[in-house]
Asker: 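Pasting a structure below so you can have a look.
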2 protein chains.
Amino acid sequence: MTGSTRQHILDVTADLLRDTAVESVSVRDVCQAAKITAPTLYHHFGDKRGLLDAVAAEGFARYLAEKQGHEPSEDPLDDLKAGWDRHIRFGLTHPVFYVLMYGGTRAREHPSAREGLQVLHGMLVRLAEQGRLLVTPDDAVPTIHSACVGTTLTLVAEPDAPAHAGLSRRVRDAVLAAVVKQEQPAGQGTDAALPDTARALLATLSAHREPPLSAGERLLLTELLTRLASTPTGGPAD
Amino acid sequence: MTGSTRQHILDVTADLLRDTAVESVSVRDVCQAAKITAPTLYHHFGDKRGLLDAVAAEGFARYLAEKQGHEPSEDPLDDLKAGWDRHIRFGLTHPVFYVLMYGGTRAREHPSAREGLQVLHGMLVRLAEQGRLLVTPDDAVPTIHSACVGTTLTLVAEPDAPAHAGLSRRVRDAVLAAVVKQEQPAGQGTDAALPDTARALLATLSAHREPPLSAGERLLLTELLTRLASTPTGGPAD
DNA sequence: CCGGTCATGTAACGACGATATACGGAAGGG
DNA sequence: CCCTTCCGTATATCGTCGTTACATGACCGG
């Protein structure tokens, strides 16, 4: 049972961390609670930070599993909102873990956090495939994520403040409104979205006498847009 | 010379903190650098956290002073945007201070942070007096603040990530759009529509892996669209 | 039965945050 | 002028922290 003690230490540390601030949990406390000695702990985790990272990674993995678990929805926007709410709820349920992961500067170093961003990216790509995104997924990811983390930290700091009632929903809808197209025009799906958007840009472009383009660039752009606008309903990638 | 040693310790600590992580700065380091002994430090600050709080408070006070310094503007919305930008810039200029103040759970306990929130509240009240607020100032304060802190933390963690270009402006405008009534300057509709439409096409394009374009054409189109999308329309950020 | 690797325990080191105690000098009343 | 009081600083030390050198035992292929 090699992995048993390791998992046991992980569980005990998580228990201690559930109701004690991270700076007040010492290696000795963990050892005493897990009924092991210091070198055992260091043999498995090498470092105190290694232990905390492992604990945080496990907590985050569980959150990710839940996130990816019930994801099948027909509307990616609903998934996005649900993902936001789950993120907030995770922070409120495991405040110590959350601050451990997102509070400091080390947030992005966590591979689990990277994976979480990738899940977000996937949702946005699906939204973009339906032509409902106002910015590129690469731009939308840090936008949504930054706002979500900031909101969660605020709520974790003062969960019961009356001023924070409805805060999450407010920030969420504000950010999403700036990123996804709210009302869907006639053409549904990815096939119609590309030519429609290209046509819209063509129209807008024609109304501008002085766009920041040279005459040649403008000609080139018009030609490309025309090609896109007249695209037959060819089935693009999925 | 009563406050001299105290101020000296403060300055030295700030210097050490400017290029050393907070967890790597010990009381002994500060004492050695300031050429004093431990009891002197404890006499003035009582605690290590007391020292760090005092240092952070001083840094924040300086930021607040600058914030309140050049505030006279005719449009409160401009003040709001400028305040956001200053907050971000402060975080990027003093990353250690910033994480010290806003990273953990202790942010709201800082009296200086409270004062910063009050400045924000004041701006929003002025905006509300002009009937340009969509929510109450009490609701708007945590909304804006949460998003701003989250954005700053993201930028502090990875300041030079290409994915973070324009992030601050994007989140800022998203949150502000949801909180203040956007007045549409007459006749400027098409000017603003051009970058928006270009951005929309850019986003739609990113979802298509096989558009009816060659790789070179796609690259060219993306470049032109990016130029159009970044056309300055209203308030440039950075 | 042996040599080696792995997991764990014993005991200790150095650095840390924090303090009890004492010294020294300036302020002020006699 | 001296004595008291109080504040700032220094000496020396405490208990705890994260960490590790070293020893012990269990298991396993040869």
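So that the names make sense, note that chain A is the first sequence line, chain B the second, and so on, each numbered from 1.
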Asker: When the distance from NE2 of A:His8 to P of C:dA7 is rounded to whole Å, what number comes out?
Answerer: 17 Å
Asker: With sequence neighbours left out, write down each residue that passes side-chain hydrogen bond (donor to acceptor under 3.5 Å, both in side chains) with A:Asp15, or none if nothing qualifies.
Answerer: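 Not a single residue meets the side-chain hydrogen bond (donor to acceptor under 3.5 Å, both in side chains) criterion with A:Asp15.
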Asker: Just grab all the salt bridge (charged side-chain N to carboxylate O under 4.0 Å, His left out) pairs involving residues 134-150 of chain A, residues at least two apart or on different chains.
Answerer: A:Asp139-B:Arg170
Asker: Who passes side chain to side chain contact (heavy atoms under 4.5 Å, CB included) against B:Arg28, sequence neighbours left out?
Answerer: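 B:Arg28: side chain to side chain contact (heavy atoms under 4.5 Å, CB included) contacts with B:Ser26.
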Asker: Do the side chain of B:His121 and the main chain of B:Val141 share a donor and acceptor less than 3.5 angstrom apart?
Answerer: no
Asker: Would you please name every residue forming a side chain to side chain contact (heavy atoms under 4.5 Å, CB included) with A:Thr93, sequence neighbours left out?
Answerer: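 If we apply the side chain to side chain contact (heavy atoms under 4.5 Å, CB included) test to A:Thr93, skipping adjacent residues, the hits are A:Arg89.
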Asker: According to ring pair (Phe, Tyr, Trp, His ring centres under 6.0 Å), who are the partners of B:Tyr98, at least two apart in sequence or on a separate chain?
Answerer: B:His87, B:Tyr102
Asker: Take the protein atom NE2 of A:His44 and the nucleotide atom C1' of D:dT19, then report the distance between them rounded to whole Å.
Answerer: 17 Å
Asker: In residues 10-21 of chain B, which residues come under 4.0 Å of DNA chain D by heavy atom?
Answerer: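 Under 4.0 Å from DNA chain D: no residue of residues 10-21 of chain B.
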Asker: Of all residues at least two apart in sequence or in a different chain, which pass the side chain to side chain contact (heavy atoms under 4.5 Å, CB included) check with A:Ala177?
Answerer: A:Gln182
Asker: Within this structure, what is the CZ-to-P distance between B:Phe45 and D:dT9, rounded to whole angstrom?
Answerer: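 Answer to the nearest Å: 11 Å.
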Asker: Who passes ring pair (Phe, Tyr, Trp, His ring centres under 6.0 Å) against A:Tyr42, sequence neighbours left out?
Answerer: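 Residues passing ring pair (Phe, Tyr, Trp, His ring centres under 6.0 Å) with A:Tyr42: none at all.
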Asker: How many Å lie between CG on B:Asp29 and C1' on C:dA15, as a whole number?
Answerer: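 Checked: the CG to C1' distance equals 10 Å.
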Asker: Let me know the distance between CZ of A:Arg28 and P of C:dC13, rounded to the nearest Å.
Answerer: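 Nearest whole value for this atom pair: 13 Å.
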Asker: Over how many whole Å does the gap from A:Arg6 atom CZ to C:dC6 atom C1' extend?
Answerer: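 The answer, rounded to whole Å, is 15 Å.
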Asker: I'd like to know whether CD of A:Gln118 has more than 12 heavy-atom contacts from other residues, nucleotides or ligands below 6.0 angstrom.
Answerer: no
Asker: Heavy atoms within less than 4.0 Å of DNA chain C: which residues of residues 31-42 of chain A have one? Give them sorted by number.
Answerer: A:Ile36, A:Thr37, A:Pro39, A:Thr40
Asker: Could you give the CD-to-C1' distance, from B:Glu23 to D:dG18, as a whole number of Å?
Answerer: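 Going from CD in B:Glu23 over to C1' in D:dG18 covers 14 Å.
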Asker: Is B:His43 near enough to D:dA10 that one of its side-chain N or O atoms lies under 4.0 angstrom from OP1 or OP2?
Answerer: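 The answer is no; no side-chain N or O of B:His43 sits under 4.0 Å from OP1 or OP2.
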